Number of protein chains: 2
Amino acid sequence: MLTVFLSKNKLIILYGASLALILFLLKWLEYRFVVISHSFEIYVGAIAVIFMALGIWLALKLAKPKINTVVVEKEVIIEKEIIVASGIGFVFNEKEIEKLGISKRELEVLQLMSEGFSNNEIAEKLFVSLNTIKTHSSKLFEKLDVKRRTQAIEKAKRLSLIA
Amino acid sequence: MLTVFLSKNKLIILYGASLALILFLLKWLEYRFVVISHSFEIYVGAIAVIFMALGIWLALKLAKPKINTVVVEKEVIIEKEIIVASGIGFVFNEKEIEKLGISKRELEVLQLMSEGFSNNEIAEKLFVSLNTIKTHSSKLFEKLDVKRRTQAIEKAKRLSLIA
DNA sequence: TCTAAAATCATACTTTAGTATGACTAAAGA
DNA sequence: TCTTTAGTCATACTAAAGTATGATTTTAGA
């Protein structure tokens, strides 16, 4: 019971502990700096920096962007190409994506590739390392059974995997 | 000139202004609270909260835009215009091709690039050397004002330079 | 709780891609 | 005829892209 609670709220507990630690640290800093004259600004600045960093960290940690793939299965009589050409909207070929076993992250990379971004630029955009993008693209090429990114783009567009 | 600068850096200026405002506010708060005894904690707490909020706001503002791939399914009625538009024939944007000064050979290379062929494969197909293809593609990138073949493909398709 | 898939990153390496520069030829115009 | 342009090719680079392999960490499911 307790262990379940612990594991389930691991993240929250971690945050609480972090906060407590920081508060303790701040209290200590307060007593250290308050005696030294003209250190008030430094103390306040430190707090500002620490909490801003904490805020940024929290936001980035908690606000994980997820791809909302809304599946609406309806009768589609007309072929994709015609729909695209008529500019009504783009229909992702989710069946094919699933069939090929392409993950969300891989799809993101594929999309950015098709927009002309380099691996480095994609890495920056997704806040991951270059190596990660290379790994993603390699797996992508395997799944798509292609050898190059240009081929991947061509095939992905043809199969309506990406816009 | 100045207005262009202002409009281009609107966001950055806004951030700067916000920061200045907050600093001003904090200074005021400092003088208000510092005289009142035992308000030190309140002041520090306020700073912590404000800067944490600022951090969260900043992170959310600057973080990666969520990719919401929403599948929109609409009832599509087949019409003559749509079928015609759907590609019985592709209309090349010859004006743009001429405007950019792209030669026939370069256009051939561009087309093959977009089909996913490597420089080597293109060279074989056109019965020329790899270096020739590299020269063509380099000139092509200059004329298209791009850095990579994937960008070239994206732009060329967007401008209907190729099918 | 245990596990498998997904995502991350690294190191080391090979292969393509792309740049810079210069040279040669053929064709088309002024 | 002279000049320009397109097309060809080479050498020598630098910069990306892609492969192989292994490791770690999340995340989601059974």
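We use all heavy atoms of the structure for the numbers below, so side chains are in, but hydrogens, waters and symmetry mates are not. Keep in mind it's a predicted model, so treat the numbers as computed, not measured. Convention: sequence-line order gives letters A, B, ...; per-chain numbering from 1.
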Detail all sub-3.5 Å separations between protein N/O atoms and N/O atoms belonging to nucleotides 17-24 of chain C.
from: dA17(C); atom 1: OP2; to: Asn119(B); atom 2: N; distance (Å): 3.0
from: dG18(C); atom 1: OP1; to: Arg149(B); atom 2: N; distance (Å): 2.8
from: dG18(C); atom 1: OP2; to: Arg149(B); atom 2: NE; distance (Å): 2.9
from: dG18(C); atom 1: OP2; to: Arg149(B); atom 2: NH2; distance (Å): 3.4
from: dG18(C); atom 1: N7; to: Lys134(B); atom 2: NZ; distance (Å): 3.4
from: dG18(C); atom 1: O6; to: Lys134(B); atom 2: NZ; distance (Å): 2.7
from: dT19(C); atom 1: OP2; to: Ser138(B); atom 2: OG; distance (Å): 2.7

Ring-face cation contact, Phe117(A) with Lys125(A), 6.0 Å cut, 45° max: yes

Under 3.5 Å: donor-acceptor pair, side chain of Glu106(B), backbone of Ser103(B): yes

Under 4.0 Å: is that the gap between some side-chain N or O of His136(B) and OP1 or OP2 of dT8(D)? yes

Examine dA7(C): is either OP1 or OP2 under 4.0 Å from a nitrogen or oxygen in the side chain of Ser103(A)? Give yes or no. yes

Distance from [X] atom [atom1] to [Y] atom [atom2], nearest 0.5 Å?
| X | Y | atom1 | atom2 | value |
| --- | --- | --- | --- | --- |
| Leu161(A) | Ile102(A) | CG | CD1 | 4.5 Å |
| Leu112(A) | Thr150(B) | CG | OG1 | 11.0 Å |
| Ile162(A) | Lys155(A) | CD1 | NZ | 13.0 Å |
| Glu121(A) | Leu130(A) | CD | CG | 11.5 Å |

For [X] and [N], give me the distance from atom [atom1] to atom [atom2], rounded to whole Å.
| X | N | atom1 | atom2 | result |
| --- | --- | --- | --- | --- |
| Ile122(A) | dT8(C) | CD1 | C1' | 16 Å |
| Leu126(B) | dA6(D) | CG | C1' | 15 Å |
| Lys104(B) | dA27(C) | NZ | C1' | 12 Å |
| Ile102(B) | dT5(D) | CD1 | P | 17 Å |
| Leu140(A) | dA17(D) | CG | P | 14 Å |
| Ile153(A) | dA17(D) | CD1 | C1' | 12 Å |
| Glu108(A) | dT8(C) | CD | C1' | 14 Å |
| Leu110(A) | dA17(D) | CG | C1' | 16 Å |

Would you name the heavy atoms of Glu115(B) and Gln111(B) that are closest together and state the gap between them? OE2-NE2, 2.8 Å

On DNA chain C, compare the nucleotides closest to Lys143(A) and Ser129(A); which residue's is nearer the 5' end? Lys143(A)

With the side chain of Arg105(B) defined as its heavy atoms from C-beta on, choose the nearest nucleotide among dG7(D), dA10(D), dC9(C). dG7(D)

